[in-house]
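Since the structure comes first, as structure tokens, the remarks are kept for the end.
Lettering of chains follows the sequences in order, A, B, ..., and the numbering in each one begins at 1.
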2 protein chains.
Amino acid sequence: MVKPISQTMEKTEKISTEVKILAAAEEVFLKSGYDGSRMQEIADLAGINKAMLHYYFRSKDALFERIFEQKFSQFFPKIQELTTMPISFTEKVCIYVELHTNLLRQNPYLPLFIINTVHKNNDFVKKMPLLLFSEFAKSYYTDLAANKVKDLNPLQFLMSVMSMCVFPFLSKPILCSSINISDQDFDTLMNNRPEEIKRYVRAILMP
Amino acid sequence: MVKPISQTMEKTEKISTEVKILAAAEEVFLKSGYDGSRMQEIADLAGINKAMLHYYFRSKDALFERIFEQKFSQFFPKIQELTTMPISFTEKVCIYVELHTNLLRQNPYLPLFIINTVHKNNDFVKKMPLLLFSEFAKSYYTDLAANKVKDLNPLQFLMSVMSMCVFPFLSKPILCSSINISDQDFDTLMNNRPEEIKRYVRAILMP
DNA sequence: AATAGGTTTAACCATTTGGTTAGTTTTGCC
DNA sequence: GGCAAAACTAACCAAATGGTTAAACCTATT
């Protein structure tokens, strides 16, 4: 039997308790939210004693906040550099669509988790202004001056693009139940979605 | 002092306990969801004894289900007749946009409440197939044959339109926090939104 | 006024739940 | 091996919470 080397169990094959807790907490919180999650459930999933949760993370609030911060930073694709690239506004939006849709395909629970948490307590958000709206708007107005895009309200437009990317993942359960499509059908739909949205984006922006 | 007339207090000016409970339960459940709501909170808001909740509605589950069913039926605008009207697909979609956006402006908590509930237990939905997808799709294909609309995937398109209508109300807290707009700004945005979406719809559908 | 039935209340109950603690085991180091 | 610190466990605790009950209170009818 392999034994851990250091007291803090770093650099060992054995998964540290802390990591096991974080993985379990992520799964439970993401699926059930703060109110719907139980500390015992997290402990059971991690295969450890419930007291360990408090030993490592002090309280449910602290553990939740840890998970939320990590998940919140993952919610939006990393497009900081994109905003300053020498490509058209339309292309920037299309790249965002591609990135965000694929990101959410791999993290389908993310949107509902984030929205619920912020809905309950919007103090969480303040720290990170990750929606680079003003950068995108600037790019839009540059292209508008060059008559490369139609005249419209950029906030309304970007809100619409984000809506088309994110909302399907929120409405999946309703959609699947009400028009009777399977999980596989939904996945196919989401696979084709970036192309479809990009077509809409171009149609809307074409001057 | 006005006294109630009948034993069951029907037809009196005095608001019946049952109605007070339903109003309070609606407010609390809508804001906090099932897990986040407390029976005591509902009783306090209704200004009645907690035991009354069980006297009239037996259990938290039963009370919640009562509220959910009512709210779920309000989530989607009544457009049954619309589907059979002799107007173009584009016009039908535009009318839906107008109706749904305005409906949600008056019930901004509705989408998150519905989505959360169905996410936790999608058995709720089965009963009412209120998304008249097939009706709309039929109308689309009629217009496609007449070359009045562009060739696209109607499910993807209608999902997009619904996204643009509903998602802003879900993302309001994030939006307001991250790009720092006030409740009034948001209301103005939502006031202008139907027109903006309809412009997008026409641009996308134009053959 | 007496009665009977629905309505309301306060006190109570059992369970769940986040959190703590005292003591035991493991681990790294001398 | 011995020791001290860290990791871990089981048992426990107090508060919260959904739910119940027995008694009191109205209200309409007789």
For this session: Could you tell me the separation between the OH atom of Tyr34(A) and the P atom of dT17(C), rounded to a whole number of Å?
Result: 13 Å
For this session: Check the distance between dT9(C)'s P and Ile48(B)'s CD1 and give it to me in whole angstrom.
Result: 8 Å
Problem set entry | Residue of the set Asp61(A), Asn116(A), Thr117(A) for which side-chain hydrogen bond (donor to acceptor under 3.5 Å, both in side chains) holds with Tyr34(A) | Asp61(A)
For this session: State the NZ-CG distance between Lys20(B) and Leu45(B), to the nearest 0.5 angstrom.
Result: 11.0 Å
Exercise. Less than 3.5 Å between a donor and an acceptor, one on the side chain of Lys60(A) and one on the base of dG19(C), is that the case here?
Worked result: no
For this session: Between dT9(C), dG18(C), dG19(D), spot the one nearest the side chain of Met39(B), thanks.
Result: dG19(D)
Problem set entry | Between dT17(D) (P) and Leu63(B) (CG): distance, integer Å | 16 Å
Seminar exercise, completed: Rounded to whole Å, the CE-P distance (Met52(B) to dT21(D)) equals 14 Å
Problem set entry | Any Arg38(A) side-chain N or O less than 4.0 Å from OP1/OP2 of dG18(C) | yes
Problem set entry | salt_bridge(Lys50(A), Asp44(A)) N-O dist < 4.0 Å | no
Exercise. For dC8(D), does either OP1 or OP2 sit under 4.0 Å from a side-chain N or O belonging to Thr17(A)?
Worked result: yes
For this session: Take Lys120(B) and Asp35(B) through the salt bridge (charged side-chain N to carboxylate O under 4.0 Å, His left out) test and state the conclusion after the steps.
Result: CA-CA 10 Å; Lys120(B) 268 193 60 173; Asp35(B) 290 328; 3.1 Å; yes
Exercise. Using the benzene-type ring in the case of Trp, are the ring centres of His100(A) and Phe169(A) under 6.0 Å apart?
Worked result: no
Problem set entry | Interatomic distance, Asp44(B) CG vs dA16(D) C1' [rounded to whole Å] | 14 Å
Seminar exercise, completed: Closest to the side chain of Tyr56(A), out of dA7(D), dT9(C), dT17(C), is dA7(D)
Problem set entry | Asn49(A) CG to dC12(D) P, straight-line distance once rounded to whole Å | 14 Å
Exercise. Which nucleotide sits closest to the side chain of Ser59(B): dT9(C), dG18(C), dG19(D)?
Worked result: dG19(D)
Seminar exercise, completed: Rounded to whole Å, the CZ-P distance (Phe57(A) to dG18(C)) equals 16 Å
For this session: Would you kindly compare Ala51(A) and Tyr55(A) by the position of their nearest DNA chain D nucleotide and give the one closer to the 5′ end?
Result: Tyr55(A)
For this session: Send over the distance from Ile42(A) CD1 to dT17(C) P, rounded to a whole Å.
Result: 12 Å
